[in-house]
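The structure appears right after this line, and notes come after that.
Small disclaimer: the values here were computed from a predicted structure and weren't measured.
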Amino acid sequence: RGHLSVALDPNFSSNNYVYIVYTMKTTPARNVVVRYTAAGDVAQAGSAMTLQELSTFSTSTHHCGSTLRFGPDGKLYIGAADNSNGANAQSLSNLLGKILRINTDGSIPGDNPFYATNTGVFRSIWALGFRNPFTFEFQRGTGRLFINDVGSSKYEEINQGLAGGNYGWPTTEGP
């Protein structure tokens, strides 16, 4: 928990947007994605814009990570760990254990795979079934998404990310 990831907007040179995901000191705790406008090497006063609050955490302090990356489509992708609760990873009414996808203003793209069948913030779910996808990256040149997912007792995974994909946690780990 704490400051987890930072990403610069693809148009940073013209808009100075910086995106941060961190754990809010609330009870219960949760991760939040906030956009700031940079003014030199600091955030411009009053520029914080909350884009998305993730689902609240249980009392477990394990698997609370999040990561931010921009895809080749210009959308912001958010990796969200399951908070040591495998049921979170399979629920379409919980943002944990997922890869989420939002626009740079916090709105949700209408072409997200669960947009038409879900409601509210849960439309931001892009892929599900992860234990702790706290690192991932888009391959240069191809745009393919590779997601690193922390295993439980046998396997660490590197998965190719696909829109609407279900990566099986907690039922499946590894091959």
Sort and list the pairs that fulfil ring pair (Phe, Tyr, Trp, His ring centres under 6.0 Å) and have at least one residue in residues 74-103, not counting sequence neighbours. Tyr77-Trp126, Tyr77-Phe138
Yes or no on salt bridge (charged side-chain N to carboxylate O under 4.0 Å, His left out) for Glu173 and Lys154, after CA distance, side-chain angles and deciding distance? CA-CA 8 Å; Glu173 178 185 0; Lys154 284 188 161 187; over 6 Å; no
Sub-4.5 Å side-chain heavy-atom contact between Arg131 and Pro170: no
Working for side-chain hydrogen bond (donor to acceptor under 3.5 Å, both in side chains), residues Asn31 and Thr23: CA-CA 4 Å; Asn31 289 345; Thr23 306; 2.7 Å; yes
Distance in Å, Leu128 CG paired with Leu96 CG, rounded so as to fall on 0.5 Å steps: 12.5 Å
If you look at every heavy atom in Lys98 and Ser91, which pair is closest and at what distance? NZ-O, 2.8 Å
What's the spacing between Arg123 CZ and Phe114 CZ if we round to 0.5 Å? 13.5 Å
Given side-chain hydrogen bond (donor to acceptor under 3.5 Å, both in side chains), test Asn88 with Asp82 step by step and report yes or no. CA-CA 6 Å; Asn88 289 340; Asp82 74 351; over 6 Å; no
Under the side chain to side chain contact (heavy atoms under 4.5 Å, CB included) test against Tyr19, which residue among Val6, Leu8, Thr104 passes? Thr104
With a 4.5 Å cut-off on side-chain heavy atoms, are Phe122 and Leu92 touching? no
Set of ring pair (Phe, Tyr, Trp, His ring centres under 6.0 Å) partners for Tyr17, sequence neighbours left out: none
Note, Ile20 side chain near Val33 side chain (heavy atom, < 4.5 Å): no
If every non-hydrogen atom of Asn103 is compared with every non-hydrogen atom of Ile108, which pair is closest and at what distance? ND2-C, 3.7 Å
Where is the tightest heavy-atom contact between Pro133 and Ala81, given as atom of each residue plus distance? CD-CA, 3.9 Å
Which heavy atom of Ala43 sits nearest to which heavy atom of Tyr36, and what is that distance? CB-CD2, 3.8 Å
Would you check if Asp149 and Phe136 make a side-chain contact, meaning some heavy-atom pair closer than 4.5 Å? no
Any side-chain heavy atom of Ser107 within less than 4.5 Å of one from Ile102? no
Residues Asn166, Gln90; criterion side-chain hydrogen bond (donor to acceptor under 3.5 Å, both in side chains); working and verdict: CA-CA 8 Å; Asn166 185 335; Gln90 290 298 321; 2.8 Å; yes
Between the side chains of Arg101 and Asp73, is the shortest nitrogen-to-carboxylate-oxygen separation below 4.0 Å, so that they form an ion pair? yes
Any side-chain heavy atom of Leu162 sitting closer than 4.5 Å to one from Tyr167? yes
Take Ile78 and Gln52 through the side-chain contact (heavy atoms from CB on, under 4.5 Å) test and state the conclusion after the steps. CA-CA 10 Å; Ile78 306 159; Gln52 185 152 32; 3.9 Å; yes
Between Phe130 and Trp169, is any pair of side-chain heavy atoms under 4.5 Å apart? no
Minimum side-chain heavy-atom gap Val21-Val32 below 4.5 Å: no
Tested for side chain to side chain contact (heavy atoms under 4.5 Å, CB included) against Leu100, the lone hit among Leu95, Asn112, Val121 is Leu95
In the single-linkage hydrophobic clustering (I, L, V, M, F, W, Y; side-chain heavy atoms under 4.5 Å), do Leu51 and Leu68 co-cluster? yes
Could you report the tightest heavy-atom contact between Gly164 and Pro113, atom names first, then the distance? N-CG, 3.3 Å
Output the distance between atom OG (Ser124) and atom CG (Leu54), rounded to the nearest 0.5 Å. 7.5 Å
